Amino acid sequence: MTGSVCVEMGNHIYITCLDNGLFSLGQLHKEGEGPNPEEVLTAVRLSDTKIALKSGYDKYLSVDQDGVVVGRSDAIGTREQWEPVTNEGNMALCGSNNCFVSLSSDGDLVCRSKMAGSEEFIKIRSNVSVEVDSKSTTPLEERGKVKDTEVSYVKKFQSFQDRHLRVNQGDKVALKRAKNDGSLHEVMLDRRQKMKSDRYCK
């Protein structure tokens, strides 16, 4: 977890940085509305479990001796380290004092609860797009050229009674077109059916 993030407490409500270095909850946002600049933090990855958070005032968030979350540090030390903890689909943010972030009765962000309950549950939002590797979702037989794909499927489904591989020698343009429009399997099945040597096409 790195880069620009927002800490959401409640639906569409983010923690916000005040100019005195304290934190509170911002205003309720409409569905699809982005956060305000003072609600955007920068996450810095410190280890597999720990992060640091920097406010828009270029100060790192820490926990003071009273358990209040403040953003007044210029560098990262032990007090500036945070651990996002997840359990059964819920997330809470644990501070350096081994307590979880929540709101005080005065509306300040504090780190005083040893246990995480509904008052401590948060969501960390980011605008990082998720990249899906198209190869990871493509079957092994369909990677590569269309001709090789057809041969792979013929080997997979053809019955080799006479030990000869029978591949339809017809035009491959239809296969390329079928691959692009998503009907590759149907077209290959039709081609194998014409060869009368497939255990699924007899």
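Quick caveat, the model's predicted, so the values are computed rather than measured.
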Quick one: do [X] and [Y] end up in the same hydrophobic cluster if we chain Ile, Leu, Val, Met, Phe, Trp and Tyr together by side-chain heavy atoms under 4.5 Å apart?
X      : Y      : answer
Leu61  : Ile124 : yes
Val101 : Val5   : yes
Leu18  : Ile13  : no
Tyr14  : Ile122 : no
Val7   : Ile51  : yes

For a quick test of your reading: what N or O donor-acceptor pairs under 3.5 Å do the side chains of residues 19-35 make, sequence neighbours left out?
unit_1: Asn20; atom_1: OD1; unit_2: Leu22; atom_2: N; d: 3.0
unit_1: Ser24; atom_1: OG; unit_2: Gly107; atom_2: O; d: 2.7
unit_1: His29; atom_1: ND1; unit_2: Glu33; atom_2: OE1; d: 3.3
unit_1: His29; atom_1: ND1; unit_2: Gly34; atom_2: O; d: 3.2
unit_1: His29; atom_1: NE2; unit_2: Glu39; atom_2: OE1; d: 2.8
unit_1: His29; atom_1: NE2; unit_2: Glu39; atom_2: OE2; d: 3.4
unit_1: Glu31; atom_1: OE1; unit_2: His12; atom_2: NE2; d: 3.2
unit_1: Glu33; atom_1: OE1; unit_2: Lys30; atom_2: N; d: 2.9

Any residue meeting salt bridge (charged side-chain N to carboxylate O under 4.0 Å, His left out) with Asp58, in chain and number order, not counting sequence neighbours: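 In terms of salt bridge (charged side-chain N to carboxylate O under 4.0 Å, His left out), with neighbours along the sequence ignored, Asp58 is linked to Lys54.
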Do you know which two heavy atoms are closest between Thr16 and Glu38, and how far apart they sit?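 Of all heavy-atom pairs spanning Thr16 and Glu38, the closest is OG1-CG, 3.0 Å.
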Locate the shortest heavy-atom distance separating Arg112 from Asp66; write the atom from each residue and the value.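 Minimum heavy-atom separation between Arg112 and Asp66: NE-O, 3.0 Å.
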Looking at [atom1] of [X] and [atom2] of [Y], how far apart are the two atoms once the value is rounded to the nearest 0.5 Å?
X      : Y      : atom1 : atom2 : value
Ser62  : Trp82  : OG    : CH2   : 7.0 Å
Glu83  : Phe100 : CD    : CZ    : 8.0 Å
Ile76  : Gln81  : CD1   : CD    : 8.0 Å
Arg72  : Asp64  : CZ    : CG    : 7.5 Å
Lys114 : Cys94  : NZ    : SG    : 8.5 Å
Cys111 : Leu93  : SG    : CG    : 7.0 Å

With a 4.5 Å cut-off on side-chain heavy atoms, are [Y] and [X] touching?
X      : Y      : answer
Ile15  : Met9   : yes
Ser55  : Leu41  : yes
Val63  : Arg79  : no
Leu103 : Leu109 : yes

Under the rule for side-chain contact (heavy atoms from CB on, under 4.5 Å), what residues qualify as partners of Asp74, not counting sequence neighbours?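 side-chain contact (heavy atoms from CB on, under 4.5 Å) check on Asp74 returns Lys59.
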For Asn97 and Gly67, indicate whether the former's side chain and the latter's backbone hold a donor-acceptor pair under 3.5 Å.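 Looks like no, no N/O pair under 3.5 Å.
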Given side chain to side chain contact (heavy atoms under 4.5 Å, CB included), test Thr78 with Ser96 step by step and report yes or no. CA-CA 7 Å; Thr78 53; Ser96 57; 5.5 Å; no
